[in-house]
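First comes the structure, then the notes that go with it.
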Amino acid sequence: MALLVQKFGGTSVGTVERIEAVADKVIGYKDAGHDMVVVVSAMSGETNRLVALAKQIDPQARGRELDVLLTTGEQVTIALLAMAFEKRGYTARSYTGGQVKITTDSAHNKARIKSIDHAKISDDLRQGRIVVVAGFQGVDEQDNITTLGRGGSDTTGVALAAALKADECQIFTDVDGVYTTDPRVEPQARRLDVITFEEMLEMASLGSKVLQIRAVEFAQKYKVPLRVLSSFEEGEGTLITTEYGADKAMEQALISGIAFNRDEAQLTINGVSDTPGVAYQILGPISDANIEVDMILQNVSADGNTDFTFTVHRNDFDMALASLQQTAERLKAREVRGNNKIVKISIVGVGMRSHAGIASRMFEILSNEGINILMIATSEIKISVVVDEKYLELGVRALHDGFDLKTAS
Ligand code: ADP
Ligand code: ASP
Ligand code: MG
C-alpha cells in the first residue's frame, strides 16, 4: 500500500465526462489499497476566461483581487470531483488551498509555498477518505488568497507529496510523458523514460510547460519521486530522477531535449557611453518595476559607446519599453528599439558538458535553414538562441532532426 498524490491538469478535468473518468481512475488505485490525495486544476480554458474577464474591467488587473477571482476555477473542479467519488460510494473531502492549509508568501499572482499543515488530510486518509485539493492556490499569513503562478497546480501536487511524504507524485496530463520537445510542435518527438531533475529544471525554465519549474525545484529539494503520465492512456510515463542509472549514463544522449519560449520580447538601447555603472542605470529601473530580465548582451564598445540588449517576458514589454525610453533620455542614448515578435529556442543536455562543438553544430543547423540568430546564451548544459518568431517551428524541427533526437539513444 502506498500514499499517492495525483495531479490532474485542465484538459484532464475539462468536461463533466472527464471528471467522471478521473474519479474512475483514482478509484482504481484506491481499490488496490492506496491512500489517495488528488490535486486538480481548473477546467481547461477556465483560468484564461477569468483572466479575460478581469482584463475587461482593468487591462492591468493583477494582485490580490485577481487571485480571489482565479482561484474560483479550481474550487469548481474540487467540488465536482468529490461529488463524483461520493456518487460512486466512496467518501471524499474537497479542500481549497486555504482550508488545507497551504501557507504562502504574499507575492500575489506568483506566491511561493512556505508551509503546509497537512493534519486534516492525514486525518481524512486515516479514515479512508479520498482527499481532493485545489491546485494553484494558498493563503498568506494574513489569510489573503494567493495563487502560485500559471501552471501552479503542479507545484501544489509536489508540495503536498513532500509534506505527506508520499511514495510518488504523479502528474497526469494530456501527453503521456516528457518528450524530447513539445510533441505538438514536432510530431516526431520521442517520449523519454527518464530525465534528470537537472535537465527537467532547465527544460522547464526555458519554456517547456509540461511541468511548472517550481514543481521541479520542490521535488528535487525534498526528494519527491515525480512522474508525468497521460490521464487518457495507460503507460509508465516519464520518471524525473536524480541521475541516470549506470546503463543509461553509458549511452547518454548529448542533447536530451529542445525547449522553446514564445513569451519573450527584446529591447535594445543604442549608443550609450561605455562607462562603469551603465548596465546598472539601464537595468535598475527595469528591476524596480518588478520586471524580470532574461538574456543580457552588451556589445564591445566602439569610440567609447556601446549597445545594450536584453529580453523580458512579453507581458512586460510595454512597461519595459517605456522605462527604457526614459533611461535613454537621461543617458542621452542614440535610440531605443523593441521587438516583441521573437522566441527563444534552447537545446538542453547534461551530455553537452563533456563535448565541444555542439554550439557550432547548432548554429550550422539553423544557418542551413536560413534562420538568423539574434542573441545567444550558453551554460554548461544548455545553449539558447533568440530568433524571429516565424522561425519557431522550423528551428525546433530542424534541431530535433539535426541532433537526431527521434532515434532513442
Ligand atoms: P496541464 O493542463 O495538464 O497542466 P499543460 O498544458 O500545462 O497541461 O502541459 C502539458 C503540455 O505541455 C502538453 O500538451 C505539451 O504541448 C506541452 N509540452 C511542452 N514541452 C513538452 C515536452 N518536452 N514534453 C511533453 N509535453 C510538452
Ligand atoms: N489553472 C491554473 C492555470 O491555468 C493552474 C494550473 O492549471 O496548473 O495556470
Ligand atoms: Mg500545466
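Counting convention: from 1, in listed order, for ligands and their atoms alike.
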Cut-off 3.5 Å, side chains only: do [X] and [Y] have a donor facing an acceptor?
X	Y	answer
Asn109	Asp67	yes
Thr77	Glu74	no
Asp124	Tyr95	yes
Gln127	Asp123	yes
Asp174	Thr11	yes
Thr146	Thr104	yes
Thr155	Gln212	yes

Output a table of donor-acceptor pairs, distance under 3.5 Å, between side-chain atoms of residues 23-39 and any protein atom two or more places apart or on a different chain; print 'none' if there are none.
residue: Asp24; atom: OD1; partner: Arg88; partner atom: NE; Å: 2.6
residue: Lys30; atom: NZ; partner: Gly128; partner atom: O; Å: 3.2
residue: Asp31; atom: OD1; partner: Tyr90; partner atom: OH; Å: 2.6
residue: Asp31; atom: OD2; partner: Tyr90; partner atom: OH; Å: 3.0
residue: His34; atom: ND1; partner: Ala2; partner atom: N; Å: 3.0

Any heavy atom of [X] sitting closer than 4.0 Å to ligand 2?
X	value
Glu46	no
Gly73	no
Gly10	no

Original post:
Got the residues with a heavy atom under 4.0 Å of ligand 1, by chain and number?
Top reply: Lys7, Gly9, Gly10, Thr173, Asp174, Val175, Gly177, Val178, Tyr179, Thr181, Asp182, Pro183, Arg184, Met203, Ser208, Lys209, Val210
**OP:** Go through the structure and list residues passing side chain to side chain donor-acceptor pair (under 3.5 Å) with Glu65, not counting sequence neighbours.
**Re:**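 Side chain to side chain donor-acceptor pair (under 3.5 Å) check on Glu65 returns nothing, list empty.
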Subject >> Which residues share a side chain to side chain donor-acceptor pair (under 3.5 Å) with Asp401, sequence neighbours left out >> reply: Lys406
Taking 4.0 angstrom as the limit and counting only heavy atoms of [X], give me the atoms of ligand 2 inside it, by number and element.
X	value
Glu74	1 (N), 2 (C), 5 (C)
Ser41	6 (C), 7 (O), 8 (O)
Phe136	2 (C), 5 (C)

Please say whether [X] places an N or O atom under 3.5 Å from an N or O atom belonging to ligand 2.
X	value
Thr47	yes
Arg150	yes
Gly149	no

Original post:
Among all protein non-hydrogen atoms, which one is nearest to atom 6 (C) of ligand 2, and what is the separation to 0.1 Å?
Top reply: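 It is Ser153 OG, 3.3 Å.
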**OP:** Could you see which bit of Gln212 sits under 4.0 Å from ligand 2, with heavy atoms only: side chain, backbone, both or neither?
**Re:** neither
Original post:
salt bridge (Lys or Arg N to Asp or Glu O under 4.0 Å) between Asp294 and Lys344: does it pass, once the steps are laid out?
Top reply: CA-CA 10 Å; Asp294 180 15; Lys344 182 170 71 174; 2.6 Å; yes
